[in-house]
Amino acid sequence: VPDYIGFANLPNQVHRKAVKKGFEFTVVVVGESGLGKSTLIDSLFQTNLYADRNIPNAKARIKKTVEIRKQTVDIEEKGVRLRLSVVDTPGFGDALNNDKCWDNIVKFIDEQYEKYLSDESGLNRRNITDQRVHCCLYFISPTGNGLKPLDIEFMKRLDTRVNIVPVIAKSDTLTAHEIKTLKRKILDDIRTHSIDVYTFPETDSDEDEEFKRENNQLKSSVPFAVVGSNKFYDIRGKKVRGRQYPWGIVEVENLEHCDFAKLRSMLIRTHMQDLKEVTHEVLYEQYRANRLRSGDS
Ligand code: GDP
Ligand code: MG
């Protein structure tokens, strides 16, 4: 596990100007209530991100999420500034009216586009703070047999607005074989229902071998089978995040145990810039074109 995050290392990932100015990246987590969204946010963004910060009391952190909540941290690495925001949403499935919860998430995403659109036509358009949502981690239940009708409906509403990266929640509750089967079923469902999830960039022959290898490896891991935890255990003399079972400890960051480290690596290192580009060039353009067509901008 590297002791730095790595976003400053990617060649060509950010232009010189962006390096000076810093850049913004926003992730939203969505899915049924109780699937471990809040826990994963903590695991993703406090392991390394907060490595040398004061980590707030773990007990105080996870409460039932009742509203859309955005947390932002500023990180600097080798002179590159990153403003990372994570948006936690209340899960659906336990509310009287699921529609309301969906609407709020969709509305939140659209509001960020709307804000960007108005900033772009403003006087200060060279210095826009990009608050658009660049990625949506969509949590899928480990107990189901693929996507549920609610998932399909919701993903269809989201896929025109945001890069969806599907994840299998609480994968420590499944065997390796069950994970493999569920992954295949989810990919089938995504295809059958024409859900437009994030597609990894095509790599061409003259690209960096290392990037090609990593890109393909990440691509073949989708949907990422993740595990989150707020508990630490001593393993081989190191404090690691994990979940304890009678037969042993599932380590969150161990690639042999789950895809957590791959997901984090993709988000904050290898594919951050591509997620931002797709958001700007495809999804935002689409939003903008629709707005202009509707004529009331
Ligand atoms: P949310 O409603 O989706 O935000 O879910 P929470 O993060 O609040 O977690 C709900 C419950 O699931 C808590 O008791 C967590 O400790 C537990 N949990 C979270 N992540 C995992 C995981 O990866 N595996 C297992 N087995 N339990 C988890
Ligand atoms: Mg929550």
Ignoring hydrogens and angles, write down the donor-acceptor pairs under 3.5 Å from the side chains of residues 139-147, residues two or more places apart or on other chains.
{"unit_1": "Ser141", "atom_1": "OG", "unit_2": "Thr143", "atom_2": "N", "d": "3.1"}
{"unit_1": "Ser141", "atom_1": "OG", "unit_2": "Thr143", "atom_2": "OG1", "d": "2.8"}

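Here Phe200 pairs with Tyr198, His271 under the ring-ring contact (aromatic ring centres under 6.0 Å, His included) rule; sequence neighbours left out.
A salt bridge links Asp188 with Arg191: the distance from a Lys NZ or Arg NE/NH1/NH2 to an Asp or Glu carboxylate oxygen falls below 4.0 Å. Using a 4.0 Å cut-off between a side-chain N of Lys or Arg and a carboxylate O of Asp or Glu, Lys156 and Glu153 do not qualify as a salt bridge. For Lys148 and Asp189, the salt-bridge test fails: no basic side-chain N is under 4.0 Å from an acidic carboxylate O. Between Lys238 and Glu251, none of the side-chain N atoms (NZ, or NE/NH1/NH2) sits under 4.0 Å from a carboxylate O, so this pair counts as no salt bridge.
In this structure, Phe154 and Tyr138 have perpendicular ring planes: the angle between them is above 60°, well past the 30° mark.
Between the Ser171 side chain and the Ile168 main chain, no donor and acceptor come within less than 3.5 Å of each other. Checking side-chain atoms of Tyr113 against main-chain N and O of Arg161 turns up a donor-acceptor pair under 3.5 Å. Within the 3.5 Å criterion, the main-chain N or O of Gly242 finds a donor-acceptor partner in the side chain of Ser229.
A continuous path of Ile, Leu, Val, Met, Phe, Trp and Tyr side chains, each step under 4.5 Å between heavy atoms, connects Val282 with Leu275, placing both in one hydrophobic cluster.
Within 6.0 Å of the NZ atom in Lys70, the count of heavy atoms belonging to other residues, nucleotides or ligands exceeds 12.
Under the 4.5 Å side-chain criterion, counting only non-hydrogen atoms from C-beta, Thr279 is not in contact with Tyr287.
Checked against Glu214 for a side chain to side chain donor-acceptor pair (under 3.5 Å), the options Lys219, Arg269, Lys262 give a single hit: Arg269.
Annotation for Val252 and Phe260: closest pair O-CB, 3.2 Å, computed over non-hydrogen atoms.
Residue Met272 holds its CE atom at 4.5 Å from CG of Leu82, rounded to the nearest 0.5 Å.
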